[in-house]
Structures are given as C-alpha cells and as structure tokens.
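Below is one structure, written out as structure tokens; comments come after it.
Here is how names work: the chains are called A, B, and so on, in the same order as the sequence lines, proteins then strands, and each is numbered from 1. As the structure is a computational prediction, the values presented were derived from the model and not from experiment. Computation of the quantities below employed the complete heavy-atom set of this structure, encompassing side-chain atoms and omitting hydrogens, waters and symmetry-equivalent molecules.
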Amino acid sequence: MDYLSHLNPPQREGVENLEGPTMIIAGAGSGKTRVLTYRIAHLITTKNIDPFSILSLTFTNKAAKEMRDRIERVVGTDARNLWMGTFHSVFARILRAEADKLGYPSNFTIYDTEDSKSLIRAIVREMGLDDKIYKQNVVYSRISGAKNNLVSWQNYMNNSVYVSEDEQAQKPKMGAIYKEYVQRCFRSGAMDFDDLLFNTNVLFRDHLDVLNKYQQRFKYVMIDEFQDTNISQYLITKRLSAVNQNICIVGDDAQSIYAFRGANIQNILNFEKDYPDLRVIKLEQNYRSTQNIVNAANSVILKNSAQLKKNIWTQNDDGELVHLIKSTSDNEEGRLVASSIFEDKNNKKLENKDFAILYRTNSQSRAMEEALRKSSIPYRIYGGLSFYQRKEIKDLLAYLRFTINHNDEQSFRRIINLPKRGIGASSVDKIVVSAFENDLGIWEGLQKSQRVLPNRAANAVDNFVTLIKTFKIRLGKSDAYDTAAFIAKQSGLLKELYDDKTIEGLNRYENVQELLNAIKEFVDDEQQEDKSLEAFIADVALLTDADNEDKDNNDHVNLMTIHSAKGLEFKHVFIVGMEEDLFPSQMMLNSRADLEEERRLFYVALTRAMEKVTLSYALTRYRFGRLKNCEPSRFIEEIDPAYIKVDRKFNRSEPMGALNNGGGSSVYAKNLVAQRKTERKAVPPGKKLHTPSPDFAPSDTRSLDTGMKVEHPKFGFGEVKKMDVQGANRKATIEFENFGEKTLLLTFAKLRIME
DNA sequence: ACGGCTATGTTTTTT
DNA sequence: ACATAGCCGT
C-alpha cells in the first residue's frame with residue numbers, strides 16, 4: 001500500500017499491528033488520526049475485512065465526521081458501512097434494536113441535560129423537598145456520576161460511602177431522588193445521556209446472547225481519545241472485545257480534559273492490567289507545530305505530577321516565540337486580536353480560516369465577536385447554544401417526540417399547554433400524579449384524567465388527546481417532513497410564532513422553518529432508507545451544530561472553547577482571557593487534580609497551533625455584568641521563558657493596571673465605562689428590537705428616547721413621552737395610538753423602534 | 001389560568 | 001447580562 005510509505009516506524013506499526021490488544025499513546029500532533037484512518041483502511045483493503053465488522057468510537061460528533069470523511073477519501077464508499085460514531089450514538093442505535101430486552105420501547109426518547117434537570121426539579125418539588133438544598137445541578141451531577149460509575153440506584157442506596165457523603169452534605173434524600181428519577185424515566189420510555197451507556201452495560205451483562213451477537217459482529221474495535229472515556233464506556237468496549245481481543249485504543253494522557261464528567265485517566269493504566277499481552281506503541285514525533293510551540297507546551301505539562309513517560313519532539317523549524325498581548329479591557333483585547341489577525345493576514349498571506357481564537361468559557365466569545373465584526377473579519381463561532389437547544393425548536397421537537405412516544409413526560413409537560421389551551425400548572429400536576437398513582441403511563445393517565453380535572457381543563461385535555469391521535473395517524477402514513485409540517489401547523493405552534501411580529505419572533509419563526517427544511521433534506525437524502533419521522537428524531541438529542549458545518553465552507557476565523565478545539569489544528573492560535581480565576585477557572589482551584597486538568601487544557605490549547613501562538617490577557621473584564629480587575633494567569637509564567645516573548649513589564653505578583661484602589665471609583669475605571677458606552681452606541685442601527693439591560697443608564701440614549709416612534713406587539717404604535725429610572729430598571733412612558741398612555745419597564749418590554 | 005413584574009442565580013467544559 | 005422561577009394581582 002502506498003500510504004504506508006508516508007509513515008514513520010511507530011506510525012506504521014500502529015497501522016499494521018492489527019491483531020490483539022494495542023495501545024497507541026499518541027502525543028499532540030503526532031498523526032494520530034492519520035494512523036487510525038490508515039489502520040481502518042488497511043483492514044478493509046488489504047485484510048478484506050467487512051467494514052460492517054469494524055467498530056470505531058469517538059468522543060464528539062466532530063471527530064466522528066472528520067474520521068469518516070478521511071477514511072472515505074482512502075477507501076471510498078465502503079466506508080459507509082463502518083460502525084463509526086460517538087459512544088452515545090452507536091449505543092443508542094444498538095439499544096433501539098434491543099430495547100425490548102430491557103423493557104423499553106424501541107422508539108424511546110433521549111432526554112438531554114435540560115430535560116433531565118427539569119424532571120429532577122419536578123421530582124424534588126413533588127417529594128416536598130427544598131430545592132435550595134437539592135439544587136437541580138447538584139442532584140443531576142450526583143446521579144450522572146453514579147451512573148457513569150455503573151452504580152444503580154439500588155447499589156447507591158446500599159452503598160455506605162454514597163449514603164454517608166450525602167448525609168454529610170445534608171442531602172439524605174439523594175438516593176430516593178435517584179430512584180424516583182430512574183423510575184420516571186423508565187415510565188416515560190426515556191433514557192438520558194448516561195443511560196445510553198449505563199443501559200448498554202446492563203444489556204451486555206444480563207443478555208449474553210445479545211453480547212455474543214455483537215462480539216461476533218465487531219471483530220475489530222477502535223477507540224479514539226481513550227483518555228476521555230469513563231468507566232461505563234470502558235466496560236462496554238471491554239465486554240465487546242473480550243472474545244476477539246482486537247481492541248485498539250488511541251489516546252494521550254496529557255490531553256485528558258473531561259475528568260469533570262467522569263473521564264478516568266486510570267482507564268489507561270487499567271488497560272495494561274486487563275490485557276497483559278498488550279502492545280504499546282508511542283507516537284512521539286510532532287508534525288504539527290514549530291519547535292518553539294512544542295517546547296513551550298512541553299515545559300507547561302512538565303508541571304503536572306502524574307503522566308506517562310514520553311518525549312514529544314519535532315523536526316520542524318524553530319518558528320516564532322509565543323507572543324503575549326496585554327490589554328486594559330476585554331473589549332480592547334478583542335480589538336488587539338482583530339488587528340493582529342488583520343496584520344498577519346496581509347504580511348504572511350494567510351487566510352481567515354488559518355486563525356483560531358480559543359477561550360475558556362463561551363461567554364468570552366462576545367467581545368471577540370464585536371471586534372471582528374467591526375474589523376469586517378468574517379468569523380464563525382462553534383459550540384455555544386446549539387440550534388437544537390433553542391426554545392422554539394425544542395417545543396416543536398417535543399410535539400414530534402410526544403407523537404412518537406406518548407409516554408414521554410418531559411415532552412408532555414412542554415406541550416400540554418402550548419399554545420395556551422387552559423391547562424395550567426395545577427391541572428398538569430394532577431394529571432401526572434394521578435397517572436403514576438394508578439400505575440399508568442402519561443398517555444393512559446391523560447385519557448382517564450377527567451375525574452380529577454375541572455370541566456374546562458377536562459375539555460381541553462380531550463381536544464389535546466384528539467389532536468395527538470390525528471398526529472399519530474399521520475405519522476403512520478407519511479414521511480418525516482409531511483408529518484412534521486402537519487404537526488407544526490395543526491398544533492398551532494407555527495401560527496403563534498407567525499403572529500409574533502417582533503424581531504425575535506420572526507427569528508423564532510425562521511428557526512422553526514429551518515428545522516422543517518432540515519427534515520425535508522433528510523427525506524430527500526437518497527442515502528437515507530428510513531424516511532419516517534421516528535428515524536429523524538432518533539438521535540436528534542445527540543446532534544450538535546457540527547453537521548451544518550459544511551453548508552458554508554467559507555473562509556472564516558474560528559472561535560471556540562478550548563474543549564471543542566480538541567483534535568483540531570490551526571496555523572495561528574490566539575488563547576484569550578489568560579487570567580487567574582478565568583483560566584485556570586476559579587472553580588478548578590480546589591484540588592491539585594483539578595488544577596492539573598486545567599493545565600492539560602492549556603496544553604491542548606497550545607498544541608493546536610502549527611506556526612504561532614498568541615496569549616492574551618486583559619486587566620479588566622466584565623463578569624456578571626460588573627467590571628472586574630484581573631490578574632494574569634499563572635500559566636503564563638509556567639512557560640519556559642526561553643520560548644515566550646514577554647513584555648519586560650510583565651510581573652504577575654504585582655497587581656497590574658490602574659485599578660488597584662479597590663472598587664470601580666478610579667478615574668481609569670470611569671473612563672473605561674465611558675469608552676464602553678460610546679462603543680456600544682455606535683453599534684446598533686436604529687431599527688432594532690430593543691431589549692435593554694438593567695445597567696442601561698438613563699443618559700444613554702443609544703436607541704430609545706423621548707419623541708421616538710415605537711411599535712409594541714400588543715399596543716401597536718406609539719410615541720415615547722417620558723423616560724424614567726426605577727431602581728436598576730428603566731421605564732418609558734409611551735402614548736399609544738389606540739391604548740393611550742402606558743408606562744413600560746424596558747427590561748421586559750418588546751418594542752420596535754420605527755425609523 | 002395567566003400575564004406582569006421582581007428576585008435570584010449563573011458561567012467550566014460535552015454527549 | 002441574561003434567563004428564569006415564582007410571586008402577585010387580575
């Protein structure tokens with residue numbers, strides 16, 4: 001095979017060593033994906049292995065897609081039959097096929113995090129517990145942690161460690177909530193993200209015939225980013241490959257950045273114990289980055305205590321030193337980054353897509369965005385709120401989900417009174433409680449709920465049931481698009497959005513149309529055999545925006561969190577917000593292990609770069625709506641000074657900037673605020689939906705002032721008579737043509753400013 | 001039941 | 001800054 005000649009000896013060994021357990025420790029930029037790709041290609045083309053019997057697991061949709069594309073380029077359309085995807089998507093598929101063994105319907109709903117948390121909140125309330133103590137986030141991560149360690153609710157309640165921890169934390173009912181949560185999911189025919197893995201383990205543990213079937217099918221198992229797997233995932237793959245023993249894991253302990261959700265570096269060490277004749281291959285040559293970047297990154301990761309021994313090196317040129325930019329504010333940081341991109345683009349003949357701006361938290365994207373927009377540099381933000389997580393999209397999806405699975409409690413709660421049909425919260429609770437008391441699912445309970453409801457609500461429920469029944473009939477006869485469009489229309493959702501003429505309302509309407517378009521595309525896709533709505537909905541919960549990426553394969557600067565940059569590379573990388581408490585994050589300073597994870601995250605960020613890294617920090621930054629002083633990150637100092645170009649004035653221990661007189665009273669701070677406001681004033685053109693913020697000062701006449709003509713969705717046209725301040729809120733008194741004078745709190749008012 | 005308004009919490013990352 | 005849960009009055 002000609003591709004073998006492009007590989008160095010350890011890479012080649014990784015490709016050719018196909019039989020038996022193999023562990024590839026792949027340093028950053030060492031050609032890991034290339035080895036995995038060729039390895040699969042090698043199996044198919046030279047060993048004549050049926051792609052259908054190769055299972056390749058990744059961590060993110062992005063990685064899965066990337067891998068599939070690359071393999072397709074080498075072996076052609078055969079690659080389509082590969083079992084390749086994220087853990088969650090692959091095992092969701094298997095669980096649907098085997099659902100009956102576990103007592104689930106094959107069209108079970110997948111609850112996303114939001115669904116899970118809102119179910120937990122409902123349970124906590126029903127149990128009469130204090131939701132200040134049993135916070136949904138805390139309960140959720142507790143349950144999630146247990147599931148990822150394969151601790152069922154039964155085991156949880158019998159486990160003295162868990163129980164005493166909960167008692168210590170004054171949360172003795174945690175086990176009971178876990179139990180109720182699991183049972184409610186089961187009744188709803190729903191699995192959360194963790195269940196997809198947990199239940200696969202149960203399936204393989206309790207149904208040896210099923211396990212055996214998949215063991216026979218998957219002759220070769222490969223796992224990418226193994227350092228990020230949790231115990232639940234590890235055990236699945238261990239079981240699957242127990243017979244053939246053809247398991248190949250690829251990973252890098254230095255890039256483990258998901259411990260917070262149960263990933264366990266121990267898995268790599270356990271692996272050596274579980275497979276005594278394990279072949280270990282180390283890829284240590286970095287092909288991606290310059291000497292300086294590799295050295296800088298190495299010097300950082302050296303500060304961590306636990307790691308496997310390896311020596312990452314490169315033959316590449318020295319390249320530029322790591323740069324450091326200091327700014328006075330988050331907005332200035334944006335401007336400096338934007339102008340730096342602008343210069344490098346000209347000087348080095350680079351394209352926009354050669355640049356990436358990486359940050360710790362999604363909220364940091366804002367300042368960057370603004371600066372790039374002003375400099376007319378095209379950009380694209382990855383991650384953040386997914387299209388599928390938007391409220392209007394989730395609403396329609398809830399209708400679709402409920403039509404498919406009539407017992408899905410969360411979808412039911414979402415749509416039962418949407419649009420308003422006179423079934424309020426108390427009625428909904430009555431329905432749910434009476435259903436479960438009579439040991440019925442939501443659907444049956446709903447139809448027998450008349451007794452417990454007042455007449456008006458009972459009538460409304462009747463109509464709702466009839467409506468869903470007509471959807472169900474349509475579902476059996478039509479394809480996904482036809483059904484979805486029918487539901488969108490008949491449910492009244494589309495009309496409600498259409499009637500909302502605010503800018504936001506228009507946006508929401510368009511988003512729903514876009515979802516319908518996506519379903520249309522799905523139906524028109526010739527490769528798609530099953531065109532039913534069930535097939536479309538099956539793993540919508542597992543989708544991210546990654547699939548829409550090639551729609552505009554334009555040339556743009558890439559903005560994303562460091563986490564979502566994993567596995568990617570760019571010529572120039574900006575790591576912004578290099579400030580103590582932000583990166584490393586405040587919340588990760590409690591233990592040494594946490595700090596080391598942050599350091600690995602920094603390592604990941606540095607090693608994304610091919611030619612140049614620029615670090616940047618700001619002296620002040622808006623956080624929680626307040627201007628805060630910042631200190632440069634300790635990570636900056638951890639880079640060996642030989643590889644970084646530091647401003648001579650840089651000294652971390654000395655507070656920097658003019659804001660050290662505590663509080664925001666200094667002239668400097670005032671200037672900053674003033675500067676910020678003038679900046680903002682320049683941005684929005686007059687005709688824009690006005691959703692002002694609480695800190696919107698009365699003197700700031702950015703977009704609303706007396707004398708202006710406005711439109712209100714309900715009151716129609718009017719003229720602003722008076723502006724006023726009430727506490728932190730701004731009020732406007734408006735004379736409406738048809739409704740007379742009204743005083744509105746601008747924090748909530750939906751006004752359109754007319755030209 | 002519902003809409004207007006206030007108070008409160010959140011911001012670490014992803015499936 | 002922004003969303004949302006929940007209170008209160010209708």
Side-chain angles (χ1 to χ4, degrees), chain A residues 57-64 85-92 110-114 116 118 121 125 131-132 135-137 141 144 148 191-197 225 228-230 232-233 257-263 358-366 382-386 388-389 391 417 420-428 454 456-457 460 539 541-544 546 560-566 577 581-589 594 597-598 600-601 604-605 622-627 691-696 714 726-729 731 742-749:
Chain A
L57 296 167
T58 62
F59 219 68
T60 61
N61 291 314
K62 206 190 275 172
T86 64
F87 274 91
H88 292 85
S89 69
V90 166
F91 294 114
I110 298 175
Y111 278 174
D112 67 14
T113 313
E114 193 192 335
S116 301
S118 99
R121 204 181 50 239
R125 241 181 282 178
D131 57 8
K132 295 252 168 22
K135 289 183 189 162
Q136 45 171 335
N137 284 335
S141 56
S144 173
N148 285 331
M191 296 193 197
D192 67 16
F193 287 140
D194 303 315
D195 285 335
L196 295 175
L197 307 172
E225 309 280 14
D228 291 329
T229 53
N230 57 40
S232 182
Q233 291 164 320
I257 55 175
Y258 283 102
F260 71 92
R261 63 171 230 209
L358 308 184
Y359 34 77
R360 179 65 234 265
T361 67
N362 275 312
S363 59
Q364 288 168 256
S365 68
R366 245 199 151 163
Y382 293 80
L385 190 66
S386 152
Y388 293 99
Q389 285 168 359
K391 193 184 279 175
N417 202 26
K420 299 271 185 294
R421 45 172 77 88
I423 305 172
S426 69
S427 293
V428 175
R456 217 178 99 190
D539 33 41
L542 303 174
L543 285 184
T544 54
M560 65 190 87
T561 63
I562 302 169
H563 280 89
S564 36
K566 196 179 66 167
D581 288 357
L582 185 58
F583 190 28
S585 161
Q586 203 172 9
M587 314 193 82
M588 296 294 264
L589 297 175
D594 280 352
E597 173 148 322
E598 290 286 288
R600 290 192 295 270
L601 194 57
V604 168
Y622 274 85
R623 282 238 262 171
F624 304 115
R626 301 249 153 254
L627 189 64
T691 43
S693 49
D695 78 338
F696 202 97
K714 199 157 137 200
Q726 182 191 53
N729 299 319
K731 293 187 301 186
K742 302 259 177 205
T743 300
L744 303 174
L745 250 185
L746 292 181
T747 321
F748 303 97

Set of residues satisfying side-chain hydrogen bond (donor to acceptor under 3.5 Å, both in side chains) with respect to [X], sequence neighbours excluded:
X        : result
A:Thr229 : A:Asn267
A:Thr60  : none
A:Glu598 : A:Arg360
A:Ser118 : A:Gln410

Could you list the protein-to-nucleotides 6-8 of chain C atom pairs, N/O on both sides, closer than 3.5 Å?
{"from": "C:dG6", "atom 1": "OP1", "to": "A:Asp131", "atom 2": "OD2", "distance (Å)": "3.3"}
{"from": "C:dG6", "atom 1": "OP2", "to": "A:Arg125", "atom 2": "NH1", "distance (Å)": "3.0"}
{"from": "C:dG6", "atom 1": "OP2", "to": "A:Arg125", "atom 2": "NH2", "distance (Å)": "3.2"}

Nucleotide nearest A:Arg456 (side chain, heavy atoms from C-beta), chosen from B:dA1, B:dT11, B:dT14: B:dA1
Relative to the 5' end of DNA chain B, which residue comes earlier, A:Tyr258 or A:Asn137, by the nucleotide with the nearest heavy atom? A:Asn137
Start at the 5' end of DNA chain B and walk down; is the nucleotide closest to A:Gly424 or to A:Phe193 reached first? A:Gly424
Polar side-chain atom of A:Asn417 near backbone of A:Gly422 as donor-acceptor pair, under 3.5 Å: yes
Within the structure shown, what part of the strands sits under 4.0 Å from [X] by heavy-atom distance: base, sugar-phosphate, or nothing?
X        : result
A:Phe583 : nothing
A:Lys566 : nothing
A:Phe87  : nothing

A:Ala263: which residues meet the side-chain contact (heavy atoms from CB on, under 4.5 Å) condition with it, sequence neighbours left out? A:Tyr258
Between the base of B:dT11 and the side chain of A:Arg623, is there a donor and acceptor pair under 3.5 angstrom? no
Rounded distance (Å) that lies between atom C1' of B:dT10 and atom OH of A:Tyr622: 19 Å
Is the shortest side-chain N/O distance from A:Ser427 to OP1 or OP2 of B:dA1 below 4.0 Å? yes
